[in-house]
4 protein chains.
Amino acid sequence: MSINKVILVGNLGKDPELRYTPSGVAVATFSLATSERYKDKSGEQQEKTEWHNIVAWRQLAEICGKYLHKGKQIYIEGKIQTRKYQDRDGNDRYITEIVADQMQMLGGRGDEGSSGGGGYGRQSSAAPRGDQRPAAGGGQKREPSRDDFEEPPFNPDDDIPF
Amino acid sequence: MSINKVILVGNLGKDPELRYTPSGVAVATFSLATSERYKDKSGEQQEKTEWHNIVAWRQLAEICGKYLHKGKQIYIEGKIQTRKYQDRDGNDRYITEIVADQMQMLGGRGDEGSSGGGGYGRQSSAAPRGDQRPAAGGGQKREPSRDDFEEPPFNPDDDIPF
Amino acid sequence: MSINKVILVGNLGKDPELRYTPSGVAVATFSLATSERYKDKSGEQQEKTEWHNIVAWRQLAEICGKYLHKGKQIYIEGKIQTRKYQDRDGNDRYITEIVADQMQMLGGRGDEGSSGGGGYGRQSSAAPRGDQRPAAGGGQKREPSRDDFEEPPFNPDDDIPF
Amino acid sequence: MSINKVILVGNLGKDPELRYTPSGVAVATFSLATSERYKDKSGEQQEKTEWHNIVAWRQLAEICGKYLHKGKQIYIEGKIQTRKYQDRDGNDRYITEIVADQMQMLGGRGDEGSSGGGGYGRQSSAAPRGDQRPAAGGGQKREPSRDDFEEPPFNPDDDIPF
DNA sequence: TTTT
DNA sequence: TTTT
């Protein structure tokens, strides 16, 4: 009964960090800058930069770790999530992050060495093959199969029944 | 390298139609009204209604066919698609549709008999069980498995490594 | 060169708080819950609620203060913003908020006494008339004029030139 | 009580066409391609391109006419609208268009001579100054004023009252 | 054809 | 703190 959706287009502040949970699940984190220009009261153009903490899991994490780098312009779709943690003094702290479920590289053609292309996330079986994961328990990754294609733009074997 | 995303909140003009392709793939179609209020030049409040052709496939089609009905308010996320077809005279015609990949029932609380709830689409394994499909070739439906869960809000077995 | 957009559909946890800055600008704040259902590893249905801090300014603030209340289901469109503040001990803290620029009441039909209707935000001149602001400097509110209408769905005085 | 929102990232198929209505209102039209990669049943990578008819009005039209050109990658936010017209034979035809209300140039830094920058649409007073409109009735364009600034990321004169 |  |  609810929607929690974030859409960002911005640039990476640093290269992503790719880590693995104890059970071998890939997690990529990076910060993404979005900048807003606005006129202040005196009519001056001002710019304000917002930094977003992005988190990607599993296959999307590995794609981020492999293809993204500092300065790259990307599109991110995901959801907002606030996580509680304890600081050094044991006090509760909260951090708000964007959990990505789609990522697209933008800014095209030979832009800084990115081979780029495609959109990544969810079902997307367009993802690069070959498992970059280190030895790890893993398990959650399911095997792609022949039937595993995406929502078809059209279905050559089927007559559209309307 | 591109994004094609539509977000609609509106009401169904009629009950959905649920059909099946020759190979047994479910397709639901319905029209969704969004209404916009605006002031015209004379300062009068006006309303303009836009009708959207919604198409849903597979499991989402079946959920739409089962739970949606005329008047229901829903959230739809999907993409724009223009399809070519021939009219009775053999002329090329084009129709623009929204191919849904997420649907949420809104307007809650026992609203008109909908048992409703949850959000449907993509990976969503929250979908009602039991196959409503008629005898049909099918095949594209893959078996859900234990590893088949969604992006975890958090992962109890894993320490978050950051 | 960037996009920072949030779309939420959720329910208010409490009535909004409407305040005014020293110079008389209205600010409404409230928290909005979005809930996600997911299957955990053991196949159990779980629910996780996310709480979003919403901030609305000016006319939209006043509409929120006037029409929204605890439990109401709304659509919010806005942007993510992280604000720094000092806690009681003088330590820097950060809070992430959604600065709303559009709000729509959902869930319809005489739902809990809301007179409701319309969509509010930006140019929207559909907003209730009559100034609810207390005596205050103000100033930023500009006067609506005859030319002040919104993007017209169509323009009766103009032939569309294509 | 409804939402009609489209978000596109794609490339212009041609230079925009900038026209004016009899009363002098600027209208820009252009087509925008979004491409989707997907795997077909035989496992082959396929690409399908969708062409969107974009319409922009007034100031946004002039910015599009001035800064956009064939091939440029942009972000568009707007709404879906289906318009009825008569073909040469007097038959009713329908065309679906995206009425833009925000546009952002993407793909950055000196990309093909675009001076670029900023986001355009709505209140955005960041728009280039100087009126490119030919002699024309006009009228709907309101004069920007000192009070005409956008939603402030923060307000230096005001203490945030929460 | 919906809804407010 | 909401809602289903």
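Proteins come first, then strands; the chains are lettered A, B, ... in the order of their sequence lines, and each starts at number 1.
- A donor-acceptor contact under 3.5 Å is not formed by the side chain of B:S35 with the base of E:dT4.
- Shown here are the salt bridge (charged side-chain N to carboxylate O under 4.0 Å, His left out) partners of D:D89, two or more places apart in sequence or in another chain: there are none.
- Under the 4.0 Å criterion applied to side-chain N and carboxylate O atoms, B:K79 and D:E50 are not assigned as salt-bridge partners.
- Between the side-chain ring of C:W51 and the base of F:dT1, a stacking contact exists by the 5.5 Å and 30° definition.
- Of the candidates F:dT4, F:dT2, E:dT1, F:dT2 carries the atom nearest the C:A33 side chain, counting heavy atoms from C-beta on.
- What separates CZ of B:F30 from P of E:dT2 is a distance of 16 Å, to the nearest Å.
- Nearest-nucleotide positions on DNA chain F for C:E47 and C:N53 put C:N53 closer to the 5' end.
- Atom-to-atom, CG of C:L106 to P of F:dT2 comes out at 19 Å; the value is rounded to the nearest Å.
- For C:R37, the side-chain atoms get nearest to F:dT4 when compared with the rest of E:dT4, E:dT2, F:dT4.
- Counting any heavy atom pair closer than 4.0 Å across all strands shown, B:T34 reaches no nucleic acid atom.
- Atom P of nucleotide E:dT2 and atom CE of B:M105 are separated by 21 Å, given to the nearest angstrom.
- Atom NZ in B:K72 sits about 11 Å away from atom P in F:dT4, given to the nearest Å.
- Residue side chain A:S2 does not reach the base of F:dT3 through any donor-acceptor N/O pair under 3.5 Å, judged by distance alone.
- Taking OG1 from C:T34 and NZ from C:K48, the interatomic distance works out to 9.0 Å, rounded to the nearest 0.5 Å.
- In this structure, B:T49 reaches the bases: a heavy-atom distance under 4.0 Å links it to at least one base atom across the strands shown.
- Protein atom CD1 of C:I74 is 14 Å distant from nucleotide atom C1' of F:dT1, rounded to whole Å.
- Going from atom CD of B:E36 over to atom C1' of E:dT2 covers 16 Å, rounded to whole Å.
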Carefully, step by step, assess D:D92 and D:Q86 under the rule side chain to side chain donor-acceptor pair (under 3.5 Å). CA-CA 5 Å; D:D92 288 347; D:Q86 273 73 35; 2.6 Å; yes
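- At a cut-off of 3.5 Å, with distance as the only test, a side-chain donor of B:S35 or B:T49 sits close to an acceptor on the other residue.
- When rounded to the nearest whole Å, the span between NZ of C:K48 and P of F:dT4 equals 21 Å.
- Atom-to-atom, NE2 of B:H69 to P of E:dT3 comes out at 10 Å; the value is rounded to the nearest Å.
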